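Take a look at the structure below.
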Amino acid sequence: MNIREEDLRLDIHTHTIASGHAYGTIREMAEAAAEKKLSILGISEHGPGVPGTCEPIYFSNLRMAPHHLYGVDLLYGCEINVLKGGRLSLTKYIDRLDYGIVGIHHQCYDNEGAEGNTKNLIGCMKDPHIFFVSHPDDNRMPLDYEALVDAALQYHVALELNNSSLVKMDRPGCVENYHTMLDLCRKNRCPIIVDSDAHDPFYVGRFTEAVALLNEIDFPADLILNTDTDRFLSFIGKK
């Protein structure tokens, strides 16, 4: 059974102007989500380490941010950076987040090879506030995908299929690495999350390239958290 783009009901990896290199406000992003008929939009600004992003105090006041706009429920996370030694770049106020995403960004991380990168990433995945790994797809920061999938299952973390990576195609090995990762996820029944990584309202809820890849390999819909909002909310411990 083919997955349709409209079957994906939520997009939880998006950025607003607060991230410093994105181009929409929360309200503009929410309006775009409503146009795409999404049920849930997640705003996940970059954590400390990426140049120009917001200060940690931004995350201290998320309870005052809008949580329902244009018929869309809003959740607030952070795309936190992996640091050397398996440390997270945001720890203060991390308990204020609805969910944490962790990812490697070259702006604040030096490549340690597949073994070292995977060890550092897994170290961050152990934190109970982390529920997702962003764009694990770039050969410039190689990963051991068998170890990564094993850790995702052990620490209750979903790996991301990032549509932006597939759009930009400036990440060496991206498609091949997703084939490897998704095959292991299917074999081990490891859930994934599909995200736009939108940095502008135009890209909110855009999953075209990701859906094409999922259908190409006949990936099971029941392992995609986006297809069921209740299952997604249960995954992150929300009602």
Side-chain angles (χ1 to χ4, degrees), residues 1-16 29-44 67-79 97-103 125 130-137 148-149 152-153 156-167 174-175 177-179 181-186 188-239:
M1 179 179 176
N2 275 3
I3 299 161
R4 303 170 302 166
E5 200 164 359
E6 55 265 33
D7 293 331
L8 304 185
R9 307 300 307 139
L10 51 99
D11 187 2
I12 57 95
H13 182 177
T14 70
H15 301 275
T16 76
M29 301 293 272
E31 188 172 16
E35 291 173 359
K36 285 293 186 76
K37 296 182 169 43
L38 295 181
S39 299
I40 297 173
L41 174 68
I43 304 293
S44 51
H67 285 79
H68 191 80
L69 289 170
Y70 311 109
V72 179
D73 290 326
L74 275 72
L75 298 175
Y76 293 90
C78 178
E79 187 180 11
L97 305 176
D98 290 315
Y99 58 90
I101 305 174
V102 67
M125 292 163 65
I130 299 299
F131 291 97
F132 307 104
V133 170
S134 61
H135 44 63
D137 56 35
L148 187 62
V149 170
L153 287 167
H156 188 70
V157 173
L159 305 179
E160 179 188 72
L161 175 57
N162 187 296
N163 198 77
S164 180
S165 293
L166 297 169
V167 170
C174 172
V175 175
N177 289 333
Y178 275 137
H179 274 274
M181 184 189 88
L182 292 169
D183 184 54
L184 288 165
C185 287
R186 174 169 45 203
N188 292 278
R189 301 293 298 168
C190 180
I192 68 165
I193 189 81
V194 181
D195 287 314
S196 69
D197 197 357
H199 285 63
D200 181 86
F202 177 80
Y203 293 100
V204 170
R206 175 172 171 174
F207 308 121
T208 309
E209 288 75 14
V211 166
L213 176 55
L214 291 167
N215 286 329
E216 177 188 338
I217 63 174
D218 196 25
F219 193 82
D222 66 325
L223 290 180
I224 305 169
L225 292 176
N226 310 64
T227 59
D228 187 321
T229 56
D230 288 338
R231 182 170 55 190
F232 166 79
L233 290 171
S234 176
F235 189 85
I236 64 170
K238 300 288 183 183
K239 294 183 180 179

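Keep in mind it's a predicted model, so treat the numbers as computed, not measured. Along the sequence shown, the residues carry numbers beginning at 1. Atom set for the values below is all heavy atoms of this structure, side chains included, hydrogens, waters and symmetry mates excluded.
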Could you pull out the closest heavy-atom pair between T16 and M29, with the gap in Å? CG2-CG, 4.1 Å
Output, in order, the C-alpha distance, side-chain angles, deciding distance and verdict of side-chain contact (heavy atoms from CB on, under 4.5 Å) for T227 and L8. CA-CA 5 Å; T227 59; L8 304 185; 3.8 Å; yes
Could you check if a side-chain atom of L38 sits within less than 4.5 angstrom of a side-chain atom of L10, using non-hydrogen atoms only? no
Euclidean distance, E31 CD relative to L69 CG, rounded to 0.5 Å: 9.5 Å
Correct closest heavy-atom pair for P191 and R189 would be CD-O, 3.7 Å
From L214 CG over to D7 CG, what is the distance, rounded to the nearest 0.5 angstrom? 11.0 Å
Donor-acceptor check, side chain of E79 to backbone of S44, threshold 3.5 angstrom: yes or no? no
To the nearest 0.5 Å, tell me how far H156 NE2 sits from I236 CD1. 9.0 Å
For S134 and I101, the nearest pair of non-hydrogen atoms, with its separation, is CB-CG2, 3.5 Å
Could you report the tightest heavy-atom contact between C185 and V149, atom names first, then the distance? SG-CG2, 4.1 Å
Is there a side-chain contact between I217 and D183 (heavy atoms, below 4.5 Å)? no
Donor-acceptor contact below 3.5 Å, side chain R231 vs main chain D222: yes
Could you go through D137 and E160, starting from their C-alpha distance and side-chain angles, then the distance that decides it, and tell me whether this counts as side-chain contact (heavy atoms from CB on, under 4.5 Å)? CA-CA 9 Å; D137 56 35; E160 179 188 72; over 6 Å; no
Is the closest side-chain heavy-atom distance between L166 and Y178 below 4.5 Å? yes
Apply side-chain contact (heavy atoms from CB on, under 4.5 Å) to L213 and E209, showing your working. CA-CA 6 Å; L213 176 55; E209 288 75 14; over 6 Å; no
Rounded distance [0.5 Å steps], CG in L233 versus CG in D98: 9.5 Å
Which value, rounded to the nearest 0.5 Å, describes the distance between K238 atom NZ and F131 atom CZ? 8.0 Å
Distance-only donor-acceptor pairs under 3.5 Å for side chains of residues 192-201, two or more places apart:
residue: D195; atom: OD1; partner: I12; partner atom: N; Å: 3.1
residue: D195; atom: OD1; partner: H13; partner atom: N; Å: 3.4
residue: S196; atom: OG; partner: D11; partner atom: OD1; Å: 3.3
residue: S196; atom: OG; partner: D11; partner atom: OD2; Å: 2.5
residue: S196; atom: OG; partner: A198; partner atom: N; Å: 3.1
residue: D197; atom: OD1; partner: H13; partner atom: NE2; Å: 3.0
residue: D197; atom: OD1; partner: H15; partner atom: NE2; Å: 3.4
residue: D197; atom: OD2; partner: N162; partner atom: ND2; Å: 3.2
residue: H199; atom: ND1; partner: D197; partner atom: O; Å: 2.9
residue: H199; atom: NE2; partner: H21; partner atom: NE2; Å: 3.2
residue: D200; atom: OD2; partner: F202; partner atom: N; Å: 2.9

Among N215, D218, V211, which residue meets the side-chain contact (heavy atoms from CB on, under 4.5 Å) test with N2? N215
Test item: H135 and S164 side chains (from C-beta on) under 4.5 Å apart, heavy atoms: no
Any luck finding a side-chain donor-acceptor pair between S39 and R9 under 3.5 Å? yes
Compare every heavy atom of L97 with every heavy atom of C78, then report the nearest pair and how far apart it is. CB-CD1, 3.8 Å
Do any N or O atoms from the side chain of K36 and from the backbone of V204 form a donor-acceptor pair under 3.5 angstrom? yes
Minimum heavy-atom distance P136-L148, with the two atoms named: CB-CD2, 4.0 Å
Are more than 12 heavy atoms from other residues, nucleotides or ligands located less than 6.0 Å from atom OH of Y76? yes
In this structure, CG of L225 is separated from CZ of F132 (nearest 0.5 Å) by 6.0 Å
